[in-house]
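Only one structure is covered here, and it is reproduced in the block below.
These figures come from a predicted structure and were not determined experimentally.
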Amino acid sequence: MEDMMSDAIVLENVTYTYSGGTKPALDAIELRVRQGETLMVTGPSGAGKTTLCRCLNGLIPHYFRGKIRGNVIVNGTNTRESTISALSHVVGLLFQDPASQLVNPTVIDEVAFGPENYGVAPSEIRTRAMKALELMRLKGYEERGPHSLSGGEQQACALAAIVAMNPSVYVLDEPTSNLDPIGSSMVLNLMAELAQQQKRTMIIVEHKMEELLHLVDRLVVLDKGTIVLEGKPRELLENIELMEKMGLKPPQVALVASKLRAKRPDLPLPMTLDEAVKVFQKVLPTSTRVKPVVSNQGERLPETETIIEVKDLWHIYPAGTIALKGVNLEISRGEFTAIIGQNGSGKTTLVKHFNGLLKPTKGAVHVFGMDTKNAAIADLSRKVGYCFQNPDHQICCETVQKELEFGPRNLHVPEDEIRKRVGEVASAVGLQEILGVNPFSVSKGERQRITVASLLTMSPDVLVVDEPTTGQDYRMGREMMEFYKQLNEAGGKTIVVITHDMNIAAEYSKRVIVLKEGQVLADGMTREVFAQTELLETTYLKPPQVTRLGQALKEYGLPADLLTVDEAAKLLEGNIAA
């Protein structure tokens with residue numbers, strides 16, 4: 001048997017049940033992680049991923065109470081016999097909600113806090129802090145308050161604070177959930193580089209297989225507290241149908257190739273775009289060009305009533321940060337629009353003007369004819385429902401049932417109508433079985449559904465959702481987006497989503513608005529916008545992987561505006577040689 005000291009982490013038959021819980025969050029987990037290994041942990045919401053992370057730095061059992069059995073050994077130390085303080089020097093844990101671990105008045109104080117507490121020399125602290133800020137694209141933010149940052153910037157700040165601690169083990173619970181696509185790739189590549197060059201051990205909990213799978217040594221899939229799949233990524237990718245059944249999201253190029261195996265059973269499943277280009281070049285005809293079946297020609301938004309009008313909108317926060325600079329746009333009734341842009345580009349600031357949470361510094365916003373400078377938030381909330389990026393900022397009641405009743409009751413909706421709405425919405429969003437529980441006792445993904453449901457019971461005409469899939473596994477994220485699509489197409493609701501998930505924007509939105517540094521960089525039909533790869537890269541965005549696949553294979557005649565896996569598969573299937 002190998003020497004245990006060559007393992008950075010050992011879990012021996014670990015079973016854990018939270019205080020008051022009836023089912024184990026982790027059930028007989030056996031896991032070894034080698035020194036310098038990069039391990040990806042994934043699985044559906046509620047699988048036990050966050051609980052596993054809490055075990056690794058001593059939060060379980062020293063902070064979270066419950067029943068634990070088995071042993072968790074980190075760098076040769078049993079976590080039961082250590083303290084959270086001692087373990088934090090070895091294990092850097094990024095929480096799923098990064099705002100909850102930001103405690104200092106400025107960004108530089110936050111990043112320097114850990115090394116200061118361990119007596120690192122001031123000059124070394126400064127060097128580490130500035131390097132970490134530069135790596136996380138936060139240089140120049142040193143004197144900003146962490147809680148004044150955008151969600152993505154807060155995540156970057158919390159991660160910079162961990163990097164500055166220089167731990168030997170990183171445990172990252174969804175480290176890129178709020179980051180823009182290029183920022184997300186940068187962070188994940190940085191973590192892989194730390195693992196390879198400095199022999200740091202990485203445990204990364206993520207749903208983003210597309211961005212991470214090719215960077216990790218091993219993949220572990222959790223479900224209902226148990227390990228259901230474990231192995232090298234390329235081996236597990238061959239079981240792609242099982243992955244999809246479990247609610248996981250393999251890379252788009254792998255999904256495209258899997259759909260073509262009926263015609264070409266020998267087709268390899270690529271993990272990256274570069275691999276996919278080589279795979280498809282071998283099977284595409286070289287003598288004739290593919291006839292594109294996808295084009296943005298002829299696609300137009302329906303001409304309907306303008307319900308939100310933004311005129312020369314400027315917003316300057318009290319600290320002096322200029323978040324919006326002369327934004328002009330209109331939203332029409334019945335649109336399904338995505339607002340995208342890099343972290344800190346002004347997306348959330350913009351939509352908070354739609355329901356009066358923020359007032360213009362200069363310019364005007366009119367919502368259903370109401371000037372938001374003068375309109376009451378209560379009147380605007382009847383028309384525009386806004387789901388916050390962090391659901392915990394929106395939940396205020398002791399049970400899910402009361403949370404869903406809160407809005408309509410404050411609008412003086414009759415009690416029988418409230419009961420009807422709550423029943424219908426809870427059923428549609430999948431909350432029937434937890435109506436009686438405290439909303440803060442469920443997962444973040446479930447809390448996000450609760451906040452959406454609480455808005456829907458108020459029956460607004462416009463639903464604005466900030467990061468609709470953050471905290472959700474792939475299956476639940478898609479179910480939520482299908483629900484919004486149904487509200488849009490069958491219910492006539494106007495849907496506006498802010499998202500860093502380009503695949504979601506491509507598949508569901510008809511229109512895309514791109515913000516950069518508080519200004520509108522692009523505004524148009526989804527295909528038209530995503531075909532502009534170079535423009536998107538200037539704001540740290542990149543089109544979906546299948547869009548980039550079409551662009552990389554343009555010499556074979558593939559179009560630059562592919563948006564979905566099904567489109568790509570259909571086009572390629574008609575052209576590859578059997």
Side-chain angles (χ1 to χ4, degrees), residues 6-9 33-42 53 56-57 74-75 88-95 98 107 110-112 114-115 120 124-139 141 152-153 155-220 232-234 237 251 270-275 342-343 500 537 540-542 545 548:
S6 65
D7 291 307
I9 292 168
V33 185
R34 304 277 295 171
Q35 297 275 4
E37 184 177 14
T38 300
L39 178 74
M40 178 180 181
V41 179
T42 192
C53 293
L56 300 178
N57 79 333
V74 178
N75 280 5
S88 68
H89 193 49
V90 177
V91 179
L93 172 61
L94 179 72
F95 293 7
V107 168
E110 189 68 49
V111 178
V120 176
E124 174 65 13
I125 292 173
R126 183 74 181 174
T127 300
R128 286 192 197 181
M130 295 311 296
K131 182 178 180 181
L133 289 173
E134 189 168 353
L135 287 171
M136 295 302 134
R137 292 175 21 221
L138 289 176
K139 195 173 180 181
Y141 287 64
E153 290 165 341
Q155 195 161 37
C157 181
L159 192 50
I162 292 171
V163 170
M165 285 280 287
N166 198 26
S168 61
V169 178
Y170 286 79
V171 180
L172 311 176
D173 195 352
E174 298 200 35
T176 66
S177 58
N178 294 323
L179 297 179
D180 51 59
I182 291 180
S184 177
S185 295
M186 287 171 62
V187 166
L188 294 175
N189 277 285
L190 170 64
M191 294 299 105
E193 187 177 310
L194 282 172
Q196 292 168 5
Q197 295 184 1
Q198 300 183 24
K199 300 302 179 187
R200 298 295 188 255
T201 304
M202 296 283 166
I203 297 182
I204 307 177
V205 172
E206 265 292 357
H207 294 298
K208 297 179 180 178
M209 299 179 74
E210 190 172 285
E211 297 180 31
L212 189 55
L213 208 57
H214 64 289
L215 297 174
V216 304
D217 301 305
R218 192 158 46 112
L219 174 67
V220 165
K232 293 185 180 298
R234 201 171 293 281
L237 195 61
M271 286 201 297
T272 67
L273 177 62
D274 289 342
E275 284 183 17
Q342 70 195 88
N343 295 123
H500 284 127
E537 285 179 350
Y540 287 91
L541 303 177
K542 54 186 176 183
Q545 198 177 45
R548 288 176 282 132

Which residues pass the side-chain hydrogen bond (donor to acceptor under 3.5 Å, both in side chains) test with [X], sequence neighbours left out?
X	result
S168	N75
R218	E37, E230
N57	none
R234	E275

Heavy-atom pair of closest approach, residues [X] and [Y]:
X	Y	result
E153	N343	OE2-O, 3.8 Å
M136	V187	SD-CG2, 3.9 Å
V171	V91	CG2-CG1, 3.6 Å
L541	Q342	CD2-N, 4.4 Å
I125	V120	CD1-O, 3.2 Å
L135	M186	O-CE, 4.4 Å

List the residues meeting salt bridge (charged side-chain N to carboxylate O under 4.0 Å, His left out) with [X], not counting sequence neighbours, and say none if there are none.
X	value
E124	R128
E211	none
R137	D180

Dump the intermediate steps for side chain to side chain contact (heavy atoms under 4.5 Å, CB included) on D217 and L39, then the final yes or no.
CA-CA 6 Å; D217 301 305; L39 178 74; over 6 Å; no
Which donor-acceptor pairs under 3.5 Å do side chains of residues 155-165 form with protein atoms, sequence neighbours excluded?
{"from": "Q155", "atom 1": "OE1", "to": "S177", "atom 2": "N", "distance (Å)": "3.4"}
{"from": "Q155", "atom 1": "OE1", "to": "N178", "atom 2": "N", "distance (Å)": "2.7"}
{"from": "Q155", "atom 1": "NE2", "to": "E174", "atom 2": "O", "distance (Å)": "2.7"}
{"from": "Q155", "atom 1": "NE2", "to": "P175", "atom 2": "O", "distance (Å)": "3.3"}
{"from": "Q155", "atom 1": "NE2", "to": "S177", "atom 2": "OG", "distance (Å)": "3.1"}

Take atom NE2 of H89 as the centre, draw a 6.0 Å sphere, and report whether it contains more than 12 heavy atoms from other residues, nucleotides or ligands.
no
Any pair with a residue in residues 201-210 that passes salt bridge (charged side-chain N to carboxylate O under 4.0 Å, His left out), sequence neighbours left out, goes on the list, sorted by first then second residue, please.
none
Taking side chain to side chain contact (heavy atoms under 4.5 Å, CB included) as the definition, give me every residue that meets it alongside E134, ordered by chain and number, with sequence neighbours left out.
K139
Name the atoms and distances for all side-chain donor-acceptor pairs under 3.5 Å in residues 189-204, with sequence neighbours left out.
{"from": "N189", "atom 1": "ND2", "to": "S185", "atom 2": "O", "distance (Å)": "2.7"}
{"from": "R200", "atom 1": "NE", "to": "P167", "atom 2": "O", "distance (Å)": "3.0"}
{"from": "R200", "atom 1": "NH1", "to": "Q198", "atom 2": "O", "distance (Å)": "3.1"}
{"from": "R200", "atom 1": "NH2", "to": "N166", "atom 2": "OD1", "distance (Å)": "2.7"}
{"from": "T201", "atom 1": "OG1", "to": "G36", "atom 2": "N", "distance (Å)": "3.1"}

